Protein chains: 2
Amino acid sequence: MSADPSARRGIPDATVARLPEYLRALTGLAERGITSVSSEELAAAAGVRSAKLRKDLSYLGSYGVRGVGYEVDHLAYQISRELGLTQDWPVAIVGMGNLGHALAAYSGFATRGFRVVALLDQDPAIVGQEIAGLAVQPMSELTALVSEQGLAIGVIATPAASAQDVCDALVAAGVRSILNFAPCVLVVPDGVDVRKVDLSTELQILAFHEQRKALASPAALRKAVAP
Amino acid sequence: MSADPSARRGIPDATVARLPEYLRALTGLAERGITSVSSEELAAAAGVRSAKLRKDLSYLGSYGVRGVGYEVDHLAYQISRELGLTQDWPVAIVGMGNLGHALAAYSGFATRGFRVVALLDQDPAIVGQEIAGLAVQPMSELTALVSEQGLAIGVIATPAASAQDVCDALVAAGVRSILNFAPCVLVVPDGVDVRKVDLSTELQILAFHEQRKALASPAALRKAVAP
DNA sequence: ACGCGGTTGTGAACCGATGCACAAAGTCAC
DNA sequence: GTGACTTTGTGCATCGGTTCACAACCGCGT
């Protein structure tokens with residue numbers, strides 16, 4: 001078992017978070033017909049330093065050739081495999097408001113590896129509507145979706161007020177990976193992963209830096225800050 | 001200048017990224033009529049450890065009272081001020097596809113401190129349409145928006161292929177803070193901040209951990225992994 | 001006036017991630 | 001086959017962030 005180069009236990013979180021970006025860069029290169037790439041070039045395409053890229057890739061194994069670089073297709077496959085994208089992950093989106101609606105139709109969602117198998121909503125007035133080719137189902141279908149479709153990932157696109165209830169329902173049905181768009185913290189049992197995407201948080205972080213810049217530069221002629 | 005408690009230069013990035021969450025938790029407490037809170041309680045509401053919370057807050061100044069805790073309103077104000085939310089930030093959304101449409105209508109976007117002042121698109125067929133009460137404008141309006149409306153933050157919701165062009169246009173018009181929803185890396189000059197939100201990346205990170213769990217547990221009966 | 005329970009603020013140890021610099025290892029030309 | 005050149009993989013120093021543990025401090029009851 002120690003001979004398997006991918007048997008590496010414990011890839012750093014920071015590295016895992018960058019692998020999708022590397023994969024995207026590799027896909028772009030492949031589409032342009034490029035078959036081989038150096039760490040310097042790939043790092044530039046992914047927006048990181050080459051040393052960081054090489055160290056990241058070294059956690060996966062030795063897939064490069066010294067003096068030459070990396071074979072694009074092979075490296076892309078290895079990253080895909082490490083990320084678990086060689087199998088299909090059934091995804092359900094809960095909450096068919098503005099955001100859920102857009103997510104259901106968002107093409108980037110259906111990239112390799114993921115398949116939206118169900119749309120759900122608590123509101124009986126919305127259940128039954130067809131969105132992006134799928135009929136909206138009631139929350140009671142969750143358990144069946146997990147056992148019959150192998151549903152593994154849930155996306156919460158509800159208002160904050162109902163997000164915890166929806167989350168509890170997902171967990172109860174057996175979903176252990178959740179992507180949360182609602183602006184609130186979710187409490188989940190051990191073994192369940194939650195990642196949060198929050199537009200308003202990102203804007204506030206930008207505002208902090210923008211304010212810092214406005215105060216530092218003499219061009220603070222806009223909406224002058226109160227003294 | 002050293003007497004000003006907010007003159008602290010260099011609040012760690014990790015801390016800044018958590019301030020919005022603290023602010024949200026405080027707002028929730030205030031709505032429930034709670035006027036005082038301990039670091040332990042606030043940390044629980046924000047999903048962090050109390051020691052981390054206290055250290056984060058210590059970068060802003062000493063706004064707590066030993067033996068008592070923090071006054072909710074006062075602390076919320078101090079965080080708002082540090083984040084630059086006591087002034088209004090005019091925001092423009094570029095790209096009125098599915099996602100841009102949803103963002104324009106998303107209420108969470110219009111939280112305190114931010115105001116969507118313009119929607120833009122490159123496609124002449126979309127320009128002129130009214131979305132969420134605003135008429136979609138052409139990209140050529142950008143410079144006027146910056147000088148007349150004080151536009152400071154741009155949101156890119158276009159396909160990846162046109163994201164860099166849109167980004168260049170924003171920067172040329174004078175926008176120095178950009179929130180990018182397109183799945184690609186943007187190159188910008190020094191002094192411009194870019195934050196990226198990528199749905200597909202988040203899903204892939206979840207998939208990595210999900211696969212890890214599936215391999216570790218005996219319940220790997222789903223879509224069995226290839227040997 | 002004074003001690004006691006309780007909570008903050010922070011110095012110091014710890015831990016993971018980043019950047020540097022170079023030895024190891026491969027290709028290519030001849 | 002050999003030597004020059006190129007690029008990877010990695011040991012090591014460094015840095016930023018997290019956690020621990022406790023002294024400083026506040027308010028209250030007596």
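The shown structure was predicted, so the numbers you read here are calculated from the model rather than taken from an experiment. Hydrogens, waters and symmetry mates play no part in the numbers below; they use all other heavy atoms, side chains included.
No side-chain heavy atom of B/Thr201 sits under 4.5 Å from any side-chain heavy atom of B/Pro183. Inter-residue side-chain proximity for B/Leu23 and B/Leu83 is flagged as met; some heavy-atom pair is nearer than 4.5 Å. With contacts defined as side-chain heavy-atom distances shorter than 4.5 Å, the pair A/Trp89/B/Leu206 does not qualify.
B/Asp193 and B/Ser177 share no side-chain donor-acceptor pair at under 3.5 Å. Remark: the B/Glu71 side chain and the B/Ser36 side chain contain no N/O donor-acceptor pair separated by less than 3.5 Å. Inspection of the B/Ser200 and B/Gln204 side chains reveals an N or O donor paired with an N or O acceptor under 3.5 Å. There is a side-chain donor-acceptor pair under 3.5 Å between B/Ser39 and B/Arg54.
If you take CG of B/Asp56 and C1' of D/dG16, they are 13 Å apart, rounded to a whole angstrom. One interatomic measurement links the two molecules: CG of B/Leu53 to P of D/dG17, which rounds to 17 Å at whole-angstrom precision. Between the CD atom of B/Gln78 and the P atom of C/dG9 there is a distance of 12 Å, given to the nearest Å. Atom pair B/Leu60:CG and C/dG9:P shows a separation of 10 Å (rounding to whole Å applied).
A donor-acceptor contact under 3.5 angstrom links the side-chain atoms of A/Arg54 to the base of D/dG9.
For B/Val65, the side-chain atoms get nearest to D/dG27 when compared with the rest of C/dG19, D/dG27, D/dG9.
When every heavy atom of A/Pro90 is checked against every heavy atom of A/Leu151, the shortest pair comes out as O-CD1, 3.4 Å. Closest approach of B/Ala105 and A/Asn98 over heavy atoms only: CB-ND2, 3.4 Å.
Test A/Thr27, A/Thr15, A/Leu53 against A/Tyr22 for side-chain contact (heavy atoms from CB on, under 4.5 Å) and you get one pass: A/Leu53.
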Sub-3.5 Å pairs of nitrogen or oxygen atoms, protein against nucleotides 23-25 of chain D:
unit_1, atom_1, unit_2, atom_2, d
D/dA24, N3, B/Arg66, NH1, 2.8

Between protein and nucleic acid, restricted to nucleotides 12-17 of chain C and to nitrogen or oxygen atoms under 3.5 Å apart, what atom pairs and distances do you find?
none

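Contact annotation: B/Tyr70 side-chain N/O to C/dG9 OP1/OP2 distance is under 4.0 Å.
Contact check of residues 20-42 of chain A against DNA chain D (heavy atom, cut-off under 4.0 Å) returns A/Ser38, A/Ser39.
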Quick one: do B/Glu21 and A/Lys196 satisfy salt bridge (charged side-chain N to carboxylate O under 4.0 Å, His left out)? Show the steps, please. CA-CA 11 Å; B/Glu21 197 65 58; A/Lys196 188 176 149 194; 2.3 Å; yes

